Protein chains: 2
Amino acid sequence: MPDKISEMHAEICRTLGSGARIEILNALRDGEKTVSEITRDLGLRQANVSQHLAVLRQRRVVATRKEGTSIYYKVSNPKIIQACELMRQVLLEQLRESEELTKLASPSRKR
Amino acid sequence: MPDKISEMHAEICRTLGSGARIEILNALRDGEKTVSEITRDLGLRQANVSQHLAVLRQRRVVATRKEGTSIYYKVSNPKIIQACELMRQVLLEQLRESEELTKLASPSRKR
DNA sequence: TGCATATATACGAATATTCGATTAGAAAAT
DNA sequence: ATTTTCTAATCGAATATTCGTATATATGCA
């Protein structure tokens, strides 16, 4: 039985565990955007984007601001971006490592 | 449709999206441990710990080393620990913020 | 008021994840 | 060889997540 903090920690991680939501965070990297803008950027359906935003909002990964009929979303804490950046680096390092293993398995021909 | 990198990124995040797995990573913070040790530390069933380790292994969040009948697990990349640390900070900041809001809502009595 | 636009919610089907119980496999010890 | 110990894998039930479709709500405008 994981303790409460670990479970909350995991919940934040789960919140980032969707390709669409990762792309939303990337879209919000350099500032706030409206739902329409995000929807346009990602090329997903409006309802679907709104669902993902709801998940991010519930876990307070994003914050909102209302202006007229539009709602602006932004990442609530820059540390979230930093954490994402680190995990992306881990991913890229893994990919590089895989490539190297592949090369070792079938070395390119010398001529 | 999220691109491939974002989907892989999300997969790593999903891998951390379980309280038990977060606690496993915490248990491995200061070095490698065997499955038995992790199982004892967390107080979960061996089969369950092994299942979680399999998830972490598949996504290469942890790496293994065999010694006799034991298998030692460690976190594969220190950046994963760093990312977790950042997310835990985000979580703690959120909790502090909630506390403050609670205080504002029902201020402690002055005497 | 009526209508268009922006965003959120509800619902259901498909899919994925989680855990316990059980079994399998591999190495060590007797 | 048998038994014991350590770890992994399988299977099924319960639960959670995801997406599309449809609908609701709110705001601004004619």
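Hydrogens, waters and symmetry mates are skipped; everything else that's a heavy atom, side chains included, is used. Note that the structure is a prediction, hence the values are computed from the model and not measured. Chain naming here is simple, since letters A, B, ... match the order of the sequence lines and numbering starts at 1 in each.
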Applying side-chain hydrogen bond (donor to acceptor under 3.5 Å, both in side chains), name anything that partners [X], two or more places apart in sequence or on another chain.
X     : value
B:Q89 : A:K79
B:R29 : B:N26, B:E85
B:K33 : B:D41
A:T15 : A:R59

Distance in angstrom units between [X] [atom1] and [N] [atom2], rounded:
X     : N     : atom1 : atom2 : value
A:R65 : C:dT7 : CZ    : C1'   : 15 Å
A:Y72 : C:dA6 : OH    : C1'   : 12 Å
A:L56 : C:dA8 : CG    : P     : 12 Å

Please check the phosphate of C:dA6 (OP1 and OP2 only) for any side-chain N or O of A:Y73 closer than 4.0 Å. no
Starting from A:L86, walk the hydrophobic network (Ile, Leu, Val, Met, Phe, Trp, Tyr; side-chain heavy atoms closer than 4.5 Å) and list everyone else you reach, by chain and number. B:L86
Side chain to side chain contact (heavy atoms under 4.5 Å, CB included) with [X]: which residues, sequence neighbours excluded?
X     : answer
B:S50 : B:Q46
B:T64 : B:R57, B:I71, B:Y73
B:S98 : A:R60

Taking only residues at least two apart or on different chains, which pairs with a member in residues 66-77 of chain B satisfy salt bridge (Lys or Arg N to Asp or Glu O under 4.0 Å)? B:R65-B:E67
Donor-acceptor contact present, side-chain B:E23 to main-chain B:A20, <3.5 Å: no
On DNA chain D, which is the earliest and which the latest nucleotide, 5' to 3', with an atom closer than 4.0 Å to a heavy atom of chain B?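 Here the contact window of chain B covers D:dC6 to D:dT10.
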Please work out which residues in residues 24-35 of chain A have a non-hydrogen atom less than 4.0 Å from an atom of DNA chain C and list them by number. A:T34, A:V35
Any non-hydrogen side-chain atom of A:E32 less than 4.5 Å from a side-chain atom of A:L28? no
Would you indicate what B:S70 reaches in the nucleic acid, counting non-hydrogen atoms under 4.0 angstrom: base, sugar-phosphate, or nothing?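 The residue B:S70 makes sugar-phosphate contact but no base contact.
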In B/S/- notation (B base, S sugar-phosphate only, - none; protein heavy atoms under 4.0 Å), nucleotides 20-30 of chain C written 5' to 3' is BBB----SS--
